[in-house]
Amino acid sequence: MNLSSTVDTAASYFSRELLAWYRMSKRTLPWRQNREAYRVWVSEIMLQQTRVDTVIPYYERFMNRFPTLQALAEAPEPDVLKHWEGLGYYSRARNLQAGAREVMERYGGQVPDDKAAVSALKGVGPYTSGAIMSIAFNRPEPAVDGNVMRVLSRYYNRDEDIAKPSTRIGMEKLAASLIPEGAAGDFNQALMELGALVCTPRTPGCLTCPVMIHCAGRLAGRETELPIKAKAKPPKPQARLAAIIEGTGEHAGKVLIRQRPDSGLLASLWELPHVQLDEPAVKPRGRAAKLAAAAEPPVERQAEDAAELLQRLQAESGLRVVARRWHAAEEHTFSHLHWMMRVYVAELDTGASRAVWPAGLRQAGALPTEVAQQPAIIAAESAAPYSSAESSAPNATDEPDGYRWIGRNQMRDYAFPNLFGKILYDYWDATGVEEGGV
DNA sequence: AAGACGGGGTC
DNA sequence: GACCCAGTCTT
């Protein structure tokens with residue numbers, strides 16, 4: 001071998017060995033049945049920030065319901081959201097469908113074999129466009145995600161902060177230079193497969209790694225300290241009060257839910273009516289604090305909460321809600337928020353005769369005087385609709401815009417974020433309502 | 001450059 | 001509890 005012209009550099013070694021390893025040991029995954037661009041696209045969107053094991057059942061259901069790009073483009077959006085329920089980052093679902101519709105209109109239903117056109121689709125950023133171009137069309141484009149940055153940081157012993165956008169740019173150049181001729185799709189997947197199976201975040205399996213002997217990070221003994229990544233800001237704590245509003249009369253056995261605005265957090269999903277408290281926001285630390293936060297609050301606190309729910313839901317949503325009893329405390333952490341929610345079972349106040357506070361709360365004497373005396377009397381002018389609905393406050397028979405009375409069986413007709421789905425199912429379990437019941 | 005945007009798994 | 005994950009969009 002002529003070492004001067006065919007030097008087996010760490011780079012060519014890496015690409016060759018990694019590719020061979022992948023072709024030998026790649027996992028069988030639903031989206032690897034074929035390389036149809038639509039299937040690749042759906043999988044890549046679902047896999048953003050989401051584990052393979054989590055995605056698999058969602059992918060199967062989604063492709064069963066929307067087997068073609070056209071089927072997705074023509075589906076009602078709530079149907080698409082329902083199939084995304086629980087996956088999180090719901091704008092992915094909306095953007096995916098918007099992209100499918102765009103492909104129908106502009107490209108006759110065929111995903112274009114064109115980097116710029118694919119990159120311009122909604123929800124398709126640098127990573128996803130590279131993944132689609134390489135996997136579906138075998139174009140030599142880099143697809144750099146967290147896995148790839150981890151693998152390359154270690155293999156090349158690089159110290160750049162992978163949280164910085166500029167680092168991703170550099171990694172893309174590096175990754176592009178490593179793509180073997182004619183094998184972009186397999187190589188990019190090999191890089192990610194290695195990161196998922198061997199070069200894992202905590203305890204990399206260097207001894208089974210196909211490229212260990214030239215891994216600079218490993219040779220420097222730094223495999224566990226790489227990649228360098230700036231710490232994320234902790235989620236901001238928020239205290240909230242939610243109401244499980246039980247229906248009466250024709251709505252007996254049902255509860256009132258509402259639809260969130262069509263942008264922002266949990267856009268267009270359904271939820272329990274609730275309010276954000278101004279205060280608190282002290283995240284419970286330690287076992288004792290945790291226990292205290294989960295426990296039923298003292299009656300004074302419950303009375304304050306009841307008054308708060310009545311006044312604020314009236315003001316924000318036009319709902320006159322009377323808390324009847326404690327239900328549960330629920331915590332839920334988003335990427336940037338930490339919700340601490342106290343949940344009460346409540347009733348809609350549809351008239352003075354029904355406006356009776358629970359005896360325990362009244363006797364506790366903790367209610368503001370004016371509220372304790374006349375809980376139902378809140379200035380009607382102060383009522384503001386929750387989401388641009390111009391309707392008046394719902395009574396026992398109304399279903400104003402954005403609100404629905406539903407029983408357990410109607411849960412399947414609405415997409416709920418996990419936290420509210422859990423609260424509602426817990427509620428129905430506790431009240432003895434089973435599937436097929438109401 | 002920083003923040004918004006979910007949820008679940010792991011050690 | 002802290003960190004991570006097959007990222008993108010908005011400001």
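Quick note on labels: first sequence line is chain A, next is B, and so on, each numbered from 1.
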Expressed as a whole number of Å, how far does the [atom1] atom of [N] sit from that of [M]?
N	M	atom1	value
B/dG8	C/dC9	C1'	23 Å
C/dC4	B/dG6	C1'	14 Å
B/dC11	C/dA6	P	14 Å

For [X] and [N], what is the distance between atoms [atom1] and [atom2] respectively, to the nearest whole Å?
X	N	atom1	atom2	value
A/R94	C/dT8	CZ	C1'	15 Å
A/M46	C/dA6	CE	C1'	13 Å
A/D161	C/dC4	CG	C1'	15 Å
A/R168	C/dG7	CZ	P	12 Å
A/L47	C/dT8	CG	C1'	15 Å
A/L194	C/dC5	CG	P	14 Å
A/K231	C/dG1	NZ	P	17 Å
A/W84	C/dG7	CH2	P	13 Å

If you pin A/N95 and A/P227 to their nearest nucleotides in DNA chain C, which one's is more 5'?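 Closer to the 5' end of DNA chain C: A/P227.
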Taking for each residue the nucleotide of DNA chain C bearing the nearest heavy atom, is the 5' side occupied by A/S119 or by A/N147?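 Counting from the 5' end, the first nearest nucleotide belongs to A/N147.
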In terms of side-chain geometry, is the basic nitrogen of [X] or [Y] positioned less than 4.0 Å from the acidic oxygen of its partner?
X	Y	value
A/E347	A/R324	yes
A/R139	A/E141	no
A/R342	A/E308	no

Residues which pass side chain to side chain donor-acceptor pair (under 3.5 Å) with [X], listed by chain and number, not counting sequence neighbours:
X	value
A/D429	A/R408
A/R61	none
A/R154	none
A/S177	none

Nucleic acid contacts of residues 24-40 of chain A, taken as heavy-atom distances under 4.0 Å to DNA chain C: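 Heavy-atom cutoff 4.0 Å gives A/R27, A/L29, A/W31, A/R32.
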Just to be sure I understand the geometry, which residues of residues 110-118 of chain A put a non-hydrogen atom under 4.0 Å away from DNA chain C?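 Heavy-atom contacts with DNA chain C come from no residue of residues 110-118 of chain A; none.
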Under 4.0 Å, counting only non-hydrogen atoms across every strand here, what does [X] touch: a base, just sugar-phosphate, or nothing?
X	value
A/V124	sugar-phosphate
A/R150	sugar-phosphate
A/S43	nothing

Would you be so kind as to tabulate the donor-acceptor pairs closer than 3.5 Å made by side chains of residues 119-127 of chain A, with sequence neighbours excluded?
| from | atom 1 | to | atom 2 | distance (Å) |
| --- | --- | --- | --- | --- |
| A/S119 | OG | A/K115 | O | 2.8 |
| A/S119 | OG | A/S129 | OG | 3.4 |
| A/Y127 | OH | A/E44 | OE1 | 2.5 |

Could you encode protein contacts along nucleotides 1-11 of chain B as a string, one character per nucleotide from 5' to 3', using B for base contact, S for sugar-phosphate-only contact and - for no contact, with a heavy-atom cut-off of under 4.0 Å? ---SBBBB--S
Return each pair, listed once, that meets salt bridge (Lys or Arg N to Asp or Glu O under 4.0 Å) where at least one residue sits in residues 86-101 of chain A; pairs must be two or more places apart or across chains.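 Found A/E77-A/R94.
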Which residues share a salt bridge (charged side-chain N to carboxylate O under 4.0 Å, His left out) with A/D161, sequence neighbours left out: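 Salt bridge (charged side-chain N to carboxylate O under 4.0 Å, His left out) check on A/D161 returns nothing, list empty.
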Check whether any side-chain N or O of A/K229 sits under 4.0 Å from OP1 or OP2 of C/dC5, and answer yes or no.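 Yes.
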Per the ring pair (Phe, Tyr, Trp, His ring centres under 6.0 Å) rule, what does the pair list look like for residues 28-61 of chain A, sequence neighbours excluded?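 Every ring pair (Phe, Tyr, Trp, His ring centres under 6.0 Å) pair that includes a residue of residues 28-61 of chain A, provided the two are not neighbours, is A/W31-A/Y59.
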List the atom pairs, with distances to 0.1 Å, where a side-chain N or O of residues 413-424 of chain A and a protein N or O form a donor-acceptor pair under 3.5 Å, not counting sequence neighbours.
| from | atom 1 | to | atom 2 | distance (Å) |
| --- | --- | --- | --- | --- |
| A/Y414 | OH | A/R404 | NE | 3.4 |
| A/K422 | NZ | A/E330 | OE2 | 3.4 |
| A/K422 | NZ | A/D426 | OD2 | 2.6 |

